[in-house]
Trainee: 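One structure coming up, written as structure tokens, with questions to follow.
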Amino acid sequence: MSATLSLQELTDQLKQLEEQASAEIAAAASPAALEALRVALLGKKGRLSGVLGAMGRLPAAERPLVGQRANVLKELVQTQLGERLAGMKGLALAEKLERERLDVTAPSSYIPVGHRHPLITTTEEIVDIFCGLGYRVEEGPEIETDHYNFTALNIPPHHPARDMQDTFYLSEHQLLRTHTSPVQIRHLEKTPPPVRIVAPGRVYRRDAVDATHSPVFHQVEVLAIDEGLDFSHLRGTVTTFLQAFFGDLPVRFRASYFPFTEPSAEVDVRWRGRWLEVMGCGMVDPAVLEGLGLDPERWSGFAAGLGVERFAMVRHGIDDIRRLYTSDLRFLEQF
Ligand code: DAH
């Protein structure tokens, strides 16, 4: 039997083991290292067992004291191991969260939504109002013959009205249409009256560009042919349309001249303290109906034509027609 061991020596060893264990647990770098430490400290062949193995050399009365002390140590080590492990896991989680951080308040990638151009929405609004009055939409070609653009509209060759609408000729008889009025002729050729149509579209004139002129612009043509139509129908239709578009504003008709209507008028609306000319109109000239083989004694009707740019500019307070063509988003996004 080896030399007796004093209680003091054994408690000192336990105290030392406690200090070492604390330091080693604190220094452990990973959960695996902690597990290895647990085995090395508290396992069957661990260091605590090693110390306690010497307990047999104590007087029997002192053994329970050491056993108690060892249990306290064991619990302390277990607690420290547990806390250290929880600390490691918490840190790992925090790191993971930081790495995978998602800022839900960050602006998403922005895909701008497009919308229709003010000239399109204005055209649609005009056309919609006429559709509500029973009109159908018709279209015609932008490359026209001088027959449809002029002659059939009672503007024979050498008529001075041709100069009012100086145009782009593609060949002797082909040109870019100067107005949407040729759609009246094309439609009546294939459709016997009664007819009620609106014809929106692009038109061309040899105009210099300025704040109110563009060589390419847009019109909407209106045509109604039936039995018994007279000037009061024209006036009522045009007034109803203008009030639907502009609101309940004063409307005035001024006598004017167009080769394809008789009588002819220009229409003004009272807008912001002044009279604004917004469209031309008139009763379809009997000569136009005769040219189509329609009996002017039986059929009569009215026609009107308006510039879409003018309507859009008045509606939105746009000062320069060129803004409508420059595709500047700072301008277009306002509509
Ligand atoms: N076509 C004419 C122009 O471009 C506008 C116009 C006036 C059309 C009178 C019509 C009308 O249908 O009756 O200036």
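Both ligands and their constituent atoms are indexed starting at 1 by order of listing.
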Trainee: Any donor-acceptor pair under 3.5 Å linking the side chain of R38 with the backbone of A33?
Mentor: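 Side chain of R38 to backbone of A33: no pair is present.
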
Trainee: Using a 4.0 Å cutoff against the non-hydrogen atoms of G305, which atoms of ligand 1 qualify?
Mentor: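 With G305 as reference, the close atoms of ligand 1 come out as 6 (C), 8 (C), 10 (C), 12 (O).
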
Trainee: F258 heavy atoms, cut-off 4.0 Å: which ligand 1 atoms fall inside?
Mentor: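 Once the distances to F258 are compared, the set is 7 (C), 9 (C).
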
Trainee: Between F217 and R202, is there a cation-pi geometry (under 6.0 Å to ring centre, at most 45° from the normal)?
Mentor: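 So R202 doesn't make the cation-pi contact.
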
Trainee: Kindly identify the option in Q184, H179, R205, M279 whose heavy atom sits closest to atom 14 (O) of ligand 1.
Mentor: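 Among Q184, H179, R205, M279, the closest heavy atom to atom 14 (O) of ligand 1 comes from R205.
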
Trainee: Determine whether a donor-acceptor pair (N or O, by modelled atom type, separation under 3.5 Å) exists between the side chain of T11 and the backbone of Q8.
Mentor: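 A pair under 3.5 Å: yes.
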
Trainee: For atom 12 (O) of ligand 1, what is the nearest protein heavy atom, given as residue, atom name and distance?
Mentor: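 Answer, as residue, atom name and distance: E221 OE2, 2.6 Å.
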
Trainee: Provide the number and element of each atom of ligand 1 under 4.0 Å from a heavy atom of C281.
Mentor: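 In order of numbering, the contacting atoms are 9 (C), 11 (C), 13 (O).
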
Trainee: Answer with yes or no whether Q219 contacts ligand 1, where contact means a heavy atom under 4.0 Å from a ligand atom.
Mentor: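 In this structure, Q219 qualifies as a contact of ligand 1 - some heavy atom is under 4.0 Å.
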
Trainee: Is it the case that over 12 heavy atoms from other parts of the model lie below 6.0 angstrom from the CD atom of E172?
Mentor: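 Atom CD in E172 is not packed in, count stays at 12 or less.
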
Trainee: Which of the numbered atoms in ligand 1 are below 4.0 angstrom from a heavy atom of G282?
Mentor: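 Near G282, the atoms of ligand 1 are 13 (O).
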
Trainee: Among all protein heavy atoms, pick the one closest to atom 11 (C) of ligand 1 and tell me residue, atom and distance.
Mentor: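 Protein heavy atom at minimum distance: F260 CE1, 3.5 Å.
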
Trainee: Would you say that more than 12 heavy atoms from the other residues, nucleotides or ligands in this model lie under 6.0 Å from the NZ of K190, or not?
Mentor: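 Yes, NZ of K190 has more than 12 neighbouring heavy atoms, counting only those of other groups under 6.0 Å.
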
Trainee: Taking the six-membered ring for Trp, are the ring centroids of F231 and F302 within less than 6.0 Å of each other?
Mentor: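 Ring centroids of F231 and F302 are no less than 6.0 Å from each other.
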
Trainee: Taking 4.0 angstrom as the limit and counting only heavy atoms of T261, give me the atoms of ligand 1 inside it, by number and element.
Mentor: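 Those qualifying, in numeric order: 13 (O).
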
Trainee: Would you say the rings of F150 and H159 are close, in the sense that their centroids are separated by under 6.0 Å?
Mentor: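 No - the distance between ring centres of H159 and F150 does not fall below the 6.0 Å cut-off.
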
Trainee: Indicate yes or no: does an N/O atom of V222 lie under 3.5 Å from an N/O atom of ligand 1?
Mentor: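 Between V222 and ligand 1, no N or O pair is found under 3.5 Å apart.
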
Trainee: Just which atoms of ligand 1 are under 4.0 Å from any heavy atom in S181?
Mentor: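 Matching atoms, with element in brackets: 1 (N), 8 (C).
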
Trainee: Any sub-3.5 Å donor-acceptor pair from R177's side-chain atoms to N149's backbone N or O?
Mentor: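 Absent.
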
Trainee: Can you list the ligand 1 atoms lying under 4.0 Å from a non-hydrogen atom of A304?
Mentor: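 In order of numbering, the contacting atoms are 8 (C), 10 (C), 11 (C), 12 (O), 13 (O).
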
Trainee: Ignoring hydrogens and angles, state whether a donor on the side chain of H218 or E309 is under 3.5 Å from an acceptor on the partner side chain.
Mentor: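 There is such a pair between these side chains.
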
Trainee: When you compare ligand 1 with G280, is there at least one nitrogen or oxygen pair between them that comes in under 3.5 angstrom?
Mentor: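 No; the residue has no nitrogen or oxygen that sits under 3.5 Å from a nitrogen or oxygen of the ligand.
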
